[in-house]
Structures are given as structure tokens and as C-alpha cells.
Amino acid sequence: MNNPNASGSRIVGWGSDLPEKVLTNQDLADGGLDTSDEWIFERTGIRQRHVGGKTGEMSTNAGRKALEVAGVTGADIDLVIVATSTPDQLMPGTSATVHSELGIRGGACDMQAVCSGFSYALIAANGLIQTGLDRVLVIGADSLSPYVEWDNRSSAILFGDGAGAVVLERHSEETLLSFDLGADGDSRHIGFTDHGGKITMDGKEVFRTAVRAVTKSAQQAIDGAGLTAADIDWFVPHQANVRIIEAIASRVGIPMERAIVTIQDTANNSAATIPVALDTAVRDDRVQPGDTLLLGGFGFGMTWASAVMKWDPRD
Ligand code: COA
């Protein structure tokens, strides 16, 4: 650390991890849930979800891949932040597992903003780099499957497990062009999980609130960067329901061909969705150096966060 002249940051490493076990829509229907692959796919865009992952293990795996891409080791990391609402233990944070497994030299903490957690953590990490850190490992990871009420067709179809990670490194130029984050604590009753309980939500209300909040937030982030929707090469949204993504994209003015959609394979794995989608789109060469990205997340709370970034990895 200790670089008072730091002026910005950029992502130099990325990775993701999904548990091997896959549950398809058909598996849910065959298992007795009163639903069908057609209904789920048409109403959500989901075909399958990965389940059975431990948050610490998935975080470690995704983090290790991100370090490898960045060409650094844990000894080069000043801080690891794990954004999760499903830590393996109440205490310590899941970041302690990652800290140990990856030999992180610096600090470790968890961040809880539910499905917006990765975006919040990325924005926070950028601020910490501006104030002196060199390199932060930012992970979004959740294991929602233990909290799913598997016999409730309104919610069981939506969730899965996974982790995604990035290494954010000090850079002479700022690639986080603008961000917007917010919350409406008065809406905390529309989606929640009590201690010892399962995911409980008013799906329609979550849908409406998410579209409204993320549309406004994304617009503010784009305006803040001095750009228009036409300047966004890739929209990397939280993957909760493809109809939510379509509604936001159309209101913001981004064609769906420029939205990264991975929900068909992963369902909603909460804080992991955005870094998993980013990792997917970088690996399949859709995202190219120089591209402008809009990251847009929302989660129970309700919380939301948008970020406009230039994709400028190291050579
Ligand atoms: N399979 C078959 N039918 C289902 C079903 C399922 N899995 N789930 C609900 N239905 C039925 C309902 O019982 C209802 O039947 P009815 O008309 O006879 O009463 C009908 O389908 C329509 O239900 P509705 O709740 O209006 O569907 P919807 O289009 O709103 O989709 C969600 C429901 C949950 C998929 C949708 O509201 C959603 O995705 N909300 C956001 C949730 C979310 O993202 N949470 C996490 C936020 S980070």
C-alpha cells in the first residue's frame, strides 16, 4: 500500500466458480414441484441452477483464478472483501477462509448488501485504492441453496450457488468512470431470510422495485460518466429474472444484444451473478479492451448499485 498519488484502479484479474451439481428445471418438476421447464424458462429465463457449494470454498476457487489471471499471489493483496449474505459461519467472516486458503497478506472483511454486494464491494475497493491500497481482491459469493424452500414453486425456481472474483489494482487512470448506489430500507420486508429461516419474498413487488430502482440508478451512473446509453458496449446486470433485465435494458435504452445474460445456466446466485457474468463475457471474448461496461445490481434491502467502467486490463 502507501501510494498517496494513486488516482484510480482497474480490474486485472477475474474468475468464477460454480458447484458441479446441477439441478435443471426438469429435475425440479420431476421431484414433485408443481411447475414445468417451459413455465420457468418463459417467466424467468432460467434453465438450471448449480447447488451444493460452500461459500468459502467457492470464494477461494474464484479468487484463486482471479489471482492467476492477474499474475499475482495472495502476498500481493492488501485486502480481500467477500460480498455475501450466506457466510459459512456467523463468525468469522467468509473472508477469513479466503485469507487463509490464498495466503492473503493484507486485511479481510465481508460485506453484506445481498445481491448488490459485489457492486458495493467493487465501489468500496476503488475508494480504498484511491486512498492508498495497491490491490484488492473483490469476491461476490453466495450459497443460497440451503435457504431455498424447495417445495415453494414461487421461489425455489429462482436461486442457486456460485462465486465470482476480480482483482482490482491501482492504475494511473480511473476506469470506474461513475457509480451510483442506494437503498430503501423501508422495503426490507419484501424480501428477507430470518435466522434459521428460508428465503421469503413478495416476488412481484421485488420485480417492480428492482426495475424502478435499477433503471434510475443506471441512468444516473451513465449521466455521471458524461455518457449516453449508446456509449455502453455491455450491460452486465444482476441475474434475477431475464424479464427484469429486459425491462431495465429497454427503459435505459440498451438493446438486449448488448446485455450479458447467464441466468439460463446459473439462476440467481446473489452477489455472484455480476462477477460470474463478467468472467463469462471476458472469457468468450465479448468484452474487449476499451469497452465501456455498465454493471447494475439490486438485492433485498432493497439495495442497488450501478457502475460505469472502462475495460482496461493489463496486457
Ligand atoms: N411454475 C408454474 N406456475 C407458477 C410458478 C411456477 N414455478 N410460480 C408461480 N406460478 C403460478 C402462480 O401460482 C400464478 O398462478 P395463478 O395465476 O393461477 O394464481 C401464476 O403462475 C402467475 O404467478 P405470478 O407470481 O404472477 O408470476 P410472475 O410472472 O410474477 O413470476 C416470479 C413470479 C417470482 C418469477 C417473478 O415475480 C420474479 O421473478 N420476481 C422477482 C423475484 C426476485 O428476483 N427475487 C430476488 C431478488 S434479488
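- Annotation: side chain of Trp14 is not in contact with side chain of Val287 (no heavy-atom distance under 4.5 Å).
- Taking a 6.0 Å sphere around NZ of Lys54, one finds it holds 12 or fewer heavy atoms contributed by other residues, nucleotides or ligands.
- In this structure, Arg188 contributes its side chain and Gly185 its backbone to a donor-acceptor pair below 3.5 Å.
- With hydrogens and angles disregarded, a donor-acceptor distance shorter than 3.5 Å links the side chain of Ser59 to the backbone of Thr55.
- Both Met201 and Tyr147 are part of a single hydrophobic cluster, where members link through side-chain heavy atoms under 4.5 Å apart.
- The backbone N or O of Val51 sits nowhere less than 3.5 Å from a side-chain atom of Lys21 that would complete a donor-acceptor pair.
- When only modelled atom types and interatomic distance are considered, Asn268 and Arg49 share no side-chain donor-acceptor pair under 3.5 Å.
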*Please assess Phe118 against Val138 for the test side-chain contact (heavy atoms from CB on, under 4.5 Å), listing each intermediate value before the final yes or no.*
CA-CA 7 Å; Phe118 176 79; Val138 182; 3.7 Å; yes

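- Scanning all heavy atoms of the two residues, the minimum distance from Gln239 to Ala277 falls at NE2-CB, 4.0 Å.
- For the ring pair (Phe, Tyr, Trp, His ring centres under 6.0 Å) with His238, the qualifying choice from Trp304, Tyr120, Phe298 is Phe298, the only one to do so.
- Under the 4.5 Å side-chain criterion, counting only non-hydrogen atoms from C-beta, Pro313 is not in contact with Ile11.
- Salt bridge status for Arg47 with Asp37: present, with a side-chain N to carboxylate O gap under 4.0 Å.
- Leu18 is not listed as a side-chain neighbour of Asp265, based on a closest heavy-atom distance of 4.5 Å or more.
- Here the side chains of Phe235 and Ile248 are in contact, with some heavy-atom distance below 4.5 Å.
- A donor-acceptor contact shorter than 3.5 Å links the side chain of Asp110 to the backbone of Ser95.
- Side chain of Lys198 to backbone of Pro146: a donor-acceptor contact under 3.5 angstrom is found.
- In terms of heavy atoms, Thr84 sits closest to Gln112 at O-CG, 3.4 Å.
- Taking the salt bridge (Lys or Arg N to Asp or Glu O under 4.0 Å) definition, one finds that Arg258 meets it with nothing, sequence neighbours left out.
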*List the steps, then state whether side-chain contact (heavy atoms from CB on, under 4.5 Å) holds for Ile77 with His99.*
CA-CA 10 Å; Ile77 298 294; His99 191 276; over 6 Å; no

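- Using a 4.5 Å cut-off on side-chain heavy atoms (C-beta onward), Phe207 and Ile244 make contact.
- The two atoms that bring Asn269 and Asp161 nearest to each other are ND2-O, 3.3 Å, heavy atoms only.
- Under the 4.5 Å side-chain criterion, counting only non-hydrogen atoms from C-beta, Met256 is in contact with Ile245.
- Annotation: Gln288, atom CD; neighbour count of heavy atoms from other residues, nucleotides and ligands within 6.0 Å is above 12.
- Taking each heavy atom of Leu295 and Met309 in turn, the nearest pair found is CD2-SD, 4.1 Å.
- With Arg10 contributing its side chain and Thr175 its backbone, the two residues share no donor-acceptor pair below 3.5 Å.
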*Just do the salt bridge (charged side-chain N to carboxylate O under 4.0 Å, His left out) check on Arg314 and Glu169 with the steps written out, would you?*
CA-CA 10 Å; Arg314 287 195 307 245; Glu169 185 178 85; 2.5 Å; yes

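- No donor-acceptor distance shorter than 3.5 angstrom exists from the side chain of Asp78 to the backbone of Val136, with no hydrogens or angles considered.
- Atom OG1 of Thr94 sits about 9.0 Å away from atom CG of Asp142, to the nearest 0.5 Å.
- Contact annotation: the side chain of Val69 never approaches that of Val167 to less than 4.5 Å [non-hydrogen atoms, C-beta and beyond].
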*side-chain contact (heavy atoms from CB on, under 4.5 Å) assessment of Val282 paired with Trp311*: CA-CA 10 Å; Val282 171; Trp311 187 250; 3.5 Å; yes

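- When the shell of 6.0 Å around CZ of Arg243 is examined, it contains more than 12 heavy atoms from other residues, nucleotides or ligands.
- Residues Glu174 and Ser9 are in side-chain contact: their nearest non-hydrogen atoms beyond the backbone lie under 4.5 Å apart.
- With Thr215 contributing its side chain and Val211 its backbone, the two residues share a donor-acceptor pair below 3.5 Å.
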*Apply the test side-chain contact (heavy atoms from CB on, under 4.5 Å) to residues Ile40 and Thr35: give CA-CA distance (whole Å), side-chain angles for both, the deciding distance (0.1 Å), then the verdict.*
CA-CA 7 Å; Ile40 300 172; Thr35 190; 3.4 Å; yes

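- Scanning all heavy atoms of the two residues, the minimum distance from Glu101 to Arg64 falls at O-NH2, 4.1 Å.
- When all heavy atoms of Gly15 and Arg283 are compared, the pair lying nearest together is CA-NH2, 4.2 Å.
- Remark: of the listed residues Asp231, Thr292, Asp180, Thr292 is the sole one forming a side-chain contact (heavy atoms from CB on, under 4.5 Å) with Val308.
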